[in-house]
Amino acid sequence: MKKFLSVLLALTILFAFSAAALAELPAGYKVMNGYEPGNFVSKKAPNEFKMAVIVKGVAEWFSRLEEGVTKFAADYGVDAKVQFPATTDAASQLEIIDSLLTQNYDAIIVVPNDASALEESLGTALANGIVVIGHEASNLVNCLYDTEAFNASQYGQAMADALAEAVGKKGTYAIMVGYTTSITHMEYAKFEQEYIKKTYPELVLLNDELPTCESQESTTVAYEQAKQILKSNPGLAGFICHCSTDAGGIAQAIEEMGLKGKVKIVAAGVPSSYARELKDGAIYSVTTWDPALSGYVACETAYKILTGVPVGQGSDLSSNGAAPGYESVNLILGDNNCLIGNAPCIGTAENVDSLF
């Protein structure tokens, strides 16, 4: 009987110790949705992992992101692929996610067009033991982490400073986003407006309203919107645009209206895709991050979770130099646990040939 009690006591202590170990969260982590990373450690061999990365559309930006995902898959020996939606809306992304739920995936990484529209399906993914990681998704609740190259205020300030430099710190400007449902675009725009009001009082946002217009992730729509704004506001000094496809459409409208060099564009996007416009002055600068690194880091975050490696404040997600700027990420608590690197990239006429 004593022996039985001793064994029972030992098992009780062991169980309590194990439970306590499981209860430990990564540094800075807060459970937001009932799920924590320690519950998603996989019993599979890493070479059996399947990861899907769902992007917003087929723009060159996401082709560059795919390069990072492909490199990660080769480096780590896992099945990781980008899924491109048929259209640039939440419905197409939702269709992909619902399909993935039936295909034995271990991780879903998503760059949402409208995070709120995906919550239910992503919640189902978590409930089924699938790791969910967001990118450009600081308001996505049903995920374990959101991963970002830097925070919205840092990016917004960089864009605002570039615009002020381009237009001589005065004049009226417009802000274009992909969709108002794109939380990251709207956060950037908000910080830009607030920062400009405080720092450059002679720079005024058109109608003092965010955003000025939406491009719907389309160069054609960006062109049409820009042309309409320029006709109605002939004294406009510049545009800030946040979708990777916007600057080309805006530049076309400016050139057709004989305003090249007079209306400045501060853009987001792939710098090399705007090399000609940067060099001939049609676009002043491209403030961005490397989406290849973003794809790589999001996949690595999922991989660490699946293999039981804690990810929290100060974690190194650079993979020994494969993703510079992510050597010591900050974990910021908001609607989710957001991992933020320090990986900005500003493309100009002088340096564009050395960038991606």
Side-chain angles (χ1 to χ4, degrees), residues 152-180 182 184-216 218-269 271 274-288 344-352:
S153 61
Q154 291 170 320
Y155 182 79
Q157 181 175 330
M159 291 286 268
D161 285 339
L163 178 71
E165 182 180 280
V167 302
K169 301 181 182 180
K170 61 183 179 180
T172 302
Y173 70 99
I175 294 180
M176 182 180 289
V177 300
Y179 289 97
T180 55
S182 175
T184 308
H185 288 191
M186 293 301 292
E187 285 179 345
Y188 294 158
K190 178 183 176 183
F191 278 112
E192 286 153 6
Q193 182 189 28
E194 291 175 350
Y195 177 74
I196 286 172
K197 279 185 176 180
K198 289 187 294 185
T199 313
Y200 305 109
E202 292 185 77
L203 262 177
V204 180
L205 178 63
L206 183 62
N207 298 326
D208 196 30
E209 186 175 342
L210 289 174
T212 307
C213 53
E214 291 179 286
S215 69
Q216 299 174 25
S218 164
T219 300
T220 301
V221 176
Y223 162 77
E224 293 168 348
Q225 292 277 15
K227 200 162 189 178
Q228 182 177 334
I229 288 167
L230 290 166
K231 285 180 178 178
S232 302
N233 303 275
L236 194 75
F239 274 93
I240 296 176
C241 54
H242 289 298
C243 180
S244 63
T245 55
D246 292 350
I250 298 171
Q252 181 184 350
I254 288 172
E255 188 163 0
E256 285 184 7
M257 297 180 70
L259 297 171
K260 186 175 175 180
K262 298 178 181 178
V263 181
K264 306 295 185 181
I265 303 171
V266 173
Y274 292 125
R276 178 182 63 81
E277 291 88 347
L278 284 166
K279 290 177 181 178
D280 70 14
I283 296 174
Y284 184 78
S285 67
V286 179
T287 304
T288 187
C345 176
I346 300 178
T348 64
E350 290 71 33
N351 71 1
V352 65

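Keep in mind that the numbers below use all heavy atoms, side chains included, and drop hydrogens, waters and symmetry copies.
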Looking only at non-hydrogen atoms, find the nearest pair between [X] and [Y] and report the distance.
| X | Y | value |
| --- | --- | --- |
| E192 | M159 | OE2-CB, 3.4 Å |
| F191 | G156 | CB-CA, 4.5 Å |
| Y155 | A268 | OH-CB, 3.3 Å |
| S215 | V221 | O-CB, 3.1 Å |
| Q225 | E214 | NE2-O, 3.3 Å |
| T287 | A158 | CG2-CB, 3.9 Å |

For E256, does the CD atom sit with more than 12 other heavy atoms under 6.0 Å from it, leaving out its own atoms?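 Atom CD in E256 is crowded, with more than 12 foreign heavy atoms closer than 6.0 Å.
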Distance in Å, [X] [atom1] paired with [Y] [atom2], rounded so as to fall on 0.5 Å steps:
| X | Y | atom1 | atom2 | answer |
| --- | --- | --- | --- | --- |
| D161 | T199 | CG | OG1 | 7.0 Å |
| L236 | K231 | CG | NZ | 15.0 Å |
| L163 | I196 | CG | CD1 | 5.5 Å |
| I250 | Y223 | CD1 | OH | 13.0 Å |
| S218 | E224 | OG | CD | 7.5 Å |
| Q157 | E194 | CD | CD | 12.5 Å |

Can you tell me if [X] uses its side chain to pair, donor with acceptor, with the backbone of [Y] under 3.5 Å?
| X | Y | answer |
| --- | --- | --- |
| N351 | I346 | yes |
| S285 | T348 | no |
| K170 | V167 | no |
| T288 | C345 | no |

Donor-acceptor contacts, no H, no angles, side chain residues 277-284, under 3.5 Å, sequence neighbours left out:
{"unit_1": "K279", "atom_1": "NZ", "unit_2": "D353", "atom_2": "OD1", "d": "2.9"}
{"unit_1": "K279", "atom_1": "NZ", "unit_2": "D353", "atom_2": "OD2", "d": "3.0"}
{"unit_1": "D280", "atom_1": "OD1", "unit_2": "A282", "atom_2": "N", "d": "3.0"}
{"unit_1": "D280", "atom_1": "OD2", "unit_2": "K260", "atom_2": "NZ", "d": "3.3"}
{"unit_1": "D280", "atom_1": "OD2", "unit_2": "R276", "atom_2": "NH1", "d": "3.4"}
{"unit_1": "Y284", "atom_1": "OH", "unit_2": "E165", "atom_2": "OE2", "d": "2.3"}

Inset, instruction - Apply the test side-chain contact (heavy atoms from CB on, under 4.5 Å) to residues I265 and C241: give CA-CA distance (whole Å), side-chain angles for both, the deciding distance (0.1 Å), then the verdict. - result: CA-CA 8 Å; I265 303 171; C241 54; 4.1 Å; yes
Given side-chain contact (heavy atoms from CB on, under 4.5 Å), test N207 with T212 step by step and report yes or no. CA-CA 8 Å; N207 298 326; T212 307; 5.7 Å; no
Side chains of [X] and [Y] in contact at under 4.5 Å (non-hydrogen atoms):
| X | Y | result |
| --- | --- | --- |
| M176 | C243 | no |
| I229 | L206 | yes |
| I254 | K262 | no |

Geometric class of the H242/H185 ring pair [parallel <30°, tilted 30-60°, perpendicular >60°]:
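Plane angle between 30° and 60°, so tilted.
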Working note: F239 + K264, criterion side-chain contact (heavy atoms from CB on, under 4.5 Å); need CA distance, chi angles, decisive distance, verdict.
CA-CA 6 Å; F239 274 93; K264 306 295 185 181; over 6 Å; no
Please walk me through it: do K169 and E202 pass side-chain contact (heavy atoms from CB on, under 4.5 Å)?
CA-CA 7 Å; K169 301 181 182 180; E202 292 185 77; over 6 Å; no
